[in-house]
Q: 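Let me begin by handing over the structure; questions about it come next.
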Amino acid sequence: MPSFLAYPLELIPYVLVTLLIAFTIHEWAHALVALAFGDDTAKNQGRLSLNPLVHIDLFGLLLILIAGFGWAKPTPVNRFKLKKRRLGSVLVSLAGPISNLLLAIIGVGIYSILLNTSYEYGSVIPTFLMVFVNLNIVLFVFNLIPLPPLDGYQVLIEFLPLSARAKLEPVERYAMLIFLIIALTPISQFTIQPIFNRVIPFIYRMILGIFGLTPF
């Protein structure tokens, strides 16, 4: 395994396919819910699409392979056009992470069905489903962390008073820099990693439990 990659070399094809699906559905879900609440910004910019090419950020994708985290192109949302602005804003933000959770559940469901068939499918499909389920759970949890520019931060600020939002605006200007420092430095061991280490296994076991399965 090359030392500069976050995943074993043999898993890279599975990771890439998973990310193309997961990122596309995630951003499409943002755009779909935004349109449902009256904001057609993403639709007008061609982002209400299941074409991965309109959603994938090559640098963000490459960073996932190297550092274990990354991003797609953010879906443009004009929150002032949303009906029931606060509710609409919260649901638009949650739509992406929830879509990843649903994909993880679907992945486990497919695996459960395969276990009850006599078809010989070898190791490729189970390995892909393992990667698919785990990465979608990671994306679900990761995007709900209340740090800019993640979806969880947008949900958080909708419940903060205007005075608190005003104080956070200067911080948002440096959001990406702060995010990279937290994610790429040892600080992550005290911030993001503890969340991952506890929440992700819990959700994984919970989904498996729905189908009566043990970890695979």
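Note that the numbering runs from 1 along the sequence shown for the chain.
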Q: Compare every heavy atom of Ala31 with every heavy atom of Ala42, then report the nearest pair and how far apart it is.
A: CB-CB, 3.6 Å
Q: Are Ile181 and Tyr153 in one and the same hydrophobic cluster, where Ile, Leu, Val, Met, Phe, Trp and Tyr link if side-chain heavy atoms are under 4.5 Å apart?
A: no
Q: Calculate, to the nearest 0.5 Å, the distance between atoms CG and CD1 belonging to Leu135 and Ile200 respectively.
A: 9.5 Å
Q: Decide yes or no for Leu160 and Leu168: does some side-chain heavy atom of the first lie under 4.5 Å from some side-chain heavy atom of the second?
A: yes
Q: Under a single-linkage definition using a 4.5 Å side-chain heavy-atom cutoff for Ile, Leu, Val, Met, Phe, Trp and Tyr, are Leu150 and Phe23 assigned to the same hydrophobic cluster?
A: yes
Q: Check the pair Ile125 / Leu114 against side-chain contact (heavy atoms from CB on, under 4.5 Å), numbers first and verdict last.
A: CA-CA 9 Å; Ile125 294 179; Leu114 292 178; 3.3 Å; yes
Q: With the 4.5 Å side-chain cut-off for hydrophobic clustering, are Phe142 and Phe190 part of the same group?
A: no
Q: Around atom CZ of Phe211, are there more than 12 heavy atoms of other residues, nucleotides or ligands at under 6.0 Å?
A: yes
Q: Side chain of Asp40, backbone of Lys43: donor and acceptor closer than 3.5 Å?
A: no
Q: Looking only at heavy atoms, which two atoms of Gly88 and Leu82 are closest? And how far apart?
A: C-CD1, 3.8 Å
Q: Nearest 0.5 angstrom please: Leu208 CG to Ile203 CD1, how far?
A: 12.0 Å
Q: Under 4.5 Å between any side-chain heavy atoms of Leu101 and Asn136, yes or no?
A: no
Q: Output the distance between atom OH (Tyr14) and atom CG (Leu129), rounded to the nearest 0.5 Å.
A: 10.5 Å
Q: Taking 4.0 angstrom as the limit, do Lys83 and Asp39 come out as a salt bridge?
A: no
Q: Let me see the working for Thr41 and Lys81 under side-chain contact (heavy atoms from CB on, under 4.5 Å), right down to the final yes or no.
A: CA-CA 9 Å; Thr41 304; Lys81 296 176 68 174; 4.2 Å; yes
Q: Can you give me the closest heavy-atom contact between Pro97 and Phe140, atom names plus distance?
A: O-CD1, 3.1 Å
Q: Heavy atoms, side chains only, cut-off 4.5 Å: are Arg79 and Ser93 in contact?
A: yes
Q: Using a 6.0 Å cut-off, check whether atom NZ of Lys167 has over 12 heavy atoms from anything other than its own residue.
A: no
Q: Could you measure the distance from the CG atom of Asn78 to the CG atom of Asn44? Nearest 0.5 Å is fine.
A: 11.0 Å
Q: With a 4.5 Å cut-off on side-chain heavy atoms, are Val155 and Pro146 touching?
A: no
Q: Dump the intermediate steps for side-chain hydrogen bond (donor to acceptor under 3.5 Å, both in side chains) on Thr75 and Glu27, then the final yes or no.
A: CA-CA 6 Å; Thr75 298; Glu27 299 304 331; 2.5 Å; yes
Q: May I have all residue pairs that pass salt bridge (charged side-chain N to carboxylate O under 4.0 Å, His left out) and include part of residues 146-160, sequence neighbours excluded?
A: Arg85-Glu158, Glu158-Arg165
Q: Would you say His55's side chain and Ser49's backbone share a donor-acceptor pair under 3.5 angstrom?
A: yes
Q: If you take all heavy atoms of Asn100 and Ala22, which pair is closest and at what distance?
A: ND2-O, 3.4 Å
Q: Are Leu53 and Leu62 joined in one hydrophobic group, where the rule is that I, L, V, M, F, W and Y side chains link up if heavy atoms are under 4.5 Å apart?
A: no
Q: Can you confirm whether Leu19 sits close enough to Leu61 that some side-chain heavy atom of one is under 4.5 Å from a side-chain heavy atom of the other?
A: yes
Q: Can you check whether Ser123's main-chain N or O pairs, donor with acceptor, with Thr127's side chain at less than 3.5 Å?
A: yes
Q: Whether the side chain of Arg47 engages the backbone of Val54 through a donor-acceptor N/O pair (distance < 3.5 Å, no angle test) should be reported.
A: yes
Q: With heavy-atom distances below 4.5 Å as the criterion, would you say the side chains of Val131 and Tyr7 are in contact?
A: no
Q: Ignoring hydrogens, what is the shortest heavy-atom contact between Ile137 and Ala104? Give both atom names and the distance.
A: CG1-CB, 3.8 Å
Q: How close do Ser112 and Leu213 get, heavy atom to heavy atom, and via which atoms?
A: CB-CD1, 4.0 Å
Q: Other residues, nucleotides and ligands only: do more than 12 of their heavy atoms fall within 6.0 Å of CZ on Arg86?
A: yes
Q: Working to the nearest 0.5 Å, report the span between CG of Leu11 and CG of Asn134.
A: 10.5 Å
Q: Anything under 30° is parallel, anything over 60° is perpendicular, the rest tilted; go ahead and classify Trp71 against Phe59.
A: tilted
Q: Would you compute the distance between atom CG of Asn116 and atom OH of Tyr111 and round it to the nearest 0.5 angstrom?
A: 10.5 Å
Q: Applying a strict under-4.5 Å side-chain criterion to I, L, V, M, F, W and Y, I'd like to know whether Leu32 and Ile56 cluster together.
A: yes
Q: Please verify the inter-ring angle class for Phe132 with Phe128; under 30° counts as parallel, over 60° as perpendicular, anything in between as tilted.
A: tilted
Q: Going by heavy atoms in the side chains, are Leu65 and Leu16 under 4.5 Å from each other?
A: yes
Q: Run the side-chain contact (heavy atoms from CB on, under 4.5 Å) test on Ile25 and Leu103 for me, step by step, so that the C-alpha distance in whole Å, both residues' side-chain angles and the decisive distance to 0.1 Å come before the verdict.
A: CA-CA 9 Å; Ile25 297 298; Leu103 286 174; 3.9 Å; yes
Q: Who are the side-chain contact (heavy atoms from CB on, under 4.5 Å) partners of Leu91, not counting sequence neighbours?
A: Val33, Phe37, Leu87
Q: Side chains of Leu94 and Leu144: does their closest heavy-atom pair fall under 4.5 Å?
A: yes
